[in-house]
Amino acid sequence: MRFFSEYIWRFSLKKKEIYLTFDDGPTPEITEFVLSELQKHNAKATFFCIGKNIENHPAIFKKIIDGEHSIGNHTQNHLNGWKRNKTVYINDFLECKNVISGAVEKSHNSKLFRPPYGKIKKNQAKQILKKGYKIIMWSVLSADFDTTISKEKCLQNVLKNTKNGSIIVFHDSIKAAEKLRFVLPKVLDTFSKKGFKFKAIN
């Protein structure tokens, strides 16, 4: 996957900085739990939001903005790019873009995109990059969405693989909630004690 050099997989190895990202929200209770935990550690993060979830939960979306976290486009309907043609996929991306633009002030409207499932065709990516977006992937997958692994295994996935500049994927979703509630406080506590800063992607 590393040959996709136009995508961002990690940041500088020189700085003790970690980039937490949360996909698929905003989701009632779960996103609010995440925001509360981040605040305890003065941590910033990036939320890749689904457009229809923003429309359904505007007050929670506003809490993300008010917490000075970054926002990313995660398509309107969580589309798998490998299973959609370019026109359908880009229209869904644009629909989410418009939802985000309508919900935030221009000054806060960052141009970040993460493809759902990490699946995107080259012609789709080309269009999105052309619009000035950065395509953000990851270097650490927590697998909090995976029902076949334990919450302890999920925690180890993060603790063992996180280094300077790591981009970590979590999910503020119902499916991931149980593991997220267990793992996130421990990750924040462990790396804070090691002197890491948790930063939002700009």
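Please read all numbers here as calculations on a predicted model, not as lab measurements. Numbering starts at 1 and runs along the sequence shown.
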Ignoring hydrogens and geometry, is there a side-chain-to-backbone donor-acceptor pair from [X] to [Y] under 3.5 Å?
X    : Y    : answer
T46  : S70  : no
K111 : K131 : yes
Q39  : V34  : no
K62  : A103 : no
D144 : F170 : no
S166 : I168 : no
T162 : V158 : yes
S142 : V169 : yes
K97  : D92  : no
D24  : S173 : no

Rounded to the nearest 0.5 Å, what separation is found between the [atom1] atom of [X] and the [atom2] atom of [Y]?
X    : Y    : atom1 : atom2 : answer
S150 : Q156 : OG    : CD    : 9.0 Å
S192 : K197 : OG    : NZ    : 8.5 Å
L188 : K186 : CG    : NZ    : 11.0 Å
L79  : N91  : CG    : CG    : 10.0 Å
L112 : F48  : CG    : CZ    : 5.0 Å
Y7   : I135 : OH    : CD1   : 5.0 Å

Close side-chain approach of [X] and [Y], heavy atoms under 4.5 Å:
X   : Y   : answer
K44 : E68 : yes
F47 : I54 : no
H74 : C96 : no
K52 : H78 : no

Using a strict 4.0 Å threshold on nitrogen-to-oxygen distance, state whether E37 and K40 make a salt bridge.
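The answer is yes: the pair qualifies as a salt bridge.
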
Flag the pair E17 and K199 as a salt bridge only when some basic side-chain nitrogen lies within less than 4.0 angstrom of an acidic carboxylate oxygen.
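Salt bridge between E17 and K199, a charged N being under 4.0 Å from a carboxylate O: yes.
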
Working for side-chain contact (heavy atoms from CB on, under 4.5 Å), residues N53 and C49
CA-CA 7 Å; N53 287 347; C49 297; over 6 Å; no

Do you know which two heavy atoms are closest between [X] and [Y], and how far apart they sit?
X    : Y    : result
F198 : A43  : CB-CB, 3.5 Å
F33  : L180 : CE2-O, 3.9 Å
F182 : L155 : CE2-CD2, 4.1 Å
T27  : T31  : N-OG1, 2.8 Å
A176 : H171 : CB-O, 3.5 Å
N164 : L13  : ND2-O, 2.9 Å

Single hit among N73, D23, I120 for side-chain contact (heavy atoms from CB on, under 4.5 Å) with R114
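Running side-chain contact (heavy atoms from CB on, under 4.5 Å) over N73, D23, I120 with R114 returns exactly one hit, D23.
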
Does atom [atom1] of [X] have more than 12 heavy-atom neighbours, drawn from other residues, nucleotides or ligands, at distances under 6.0 Å?
X    : atom1 : answer
N42  : CG    : no
E178 : CD    : no
K126 : NZ    : no

What orientation do F113 and Y89 show, parallel under 30°, tilted 30 to 60°, or perpendicular over 60°?
perpendicular

Is there a path from [X] to [Y] through hydrophobic residues (I, L, V, M, F, W, Y) whose side chains come within less than 4.5 Å of each other?
X    : Y    : answer
I174 : L35  : yes
V183 : I149 : no
Y133 : V88  : yes
Y117 : W82  : no
I50  : I60  : no

Are Y19 and V140 close enough, and set up right, to give a side-chain contact (heavy atoms from CB on, under 4.5 Å), and what steps lead you there?
CA-CA 10 Å; Y19 296 81; V140 180; over 6 Å; no

Suppose we call two aromatic rings close when their centres sit under 6.0 Å apart. Are H41 and F191 close by that rule?
no

Pairing donors with acceptors under 3.5 angstrom, does anything connect the side chains of N157 and K153?
yes

Checking L20 against L38 for the side-chain contact (heavy atoms from CB on, under 4.5 Å) test, could you report, in this order, the C-alpha distance in whole Å, the side-chain angles of both residues, the deciding distance, and whether it holds?
CA-CA 10 Å; L20 298 176; L38 293 173; 3.9 Å; yes

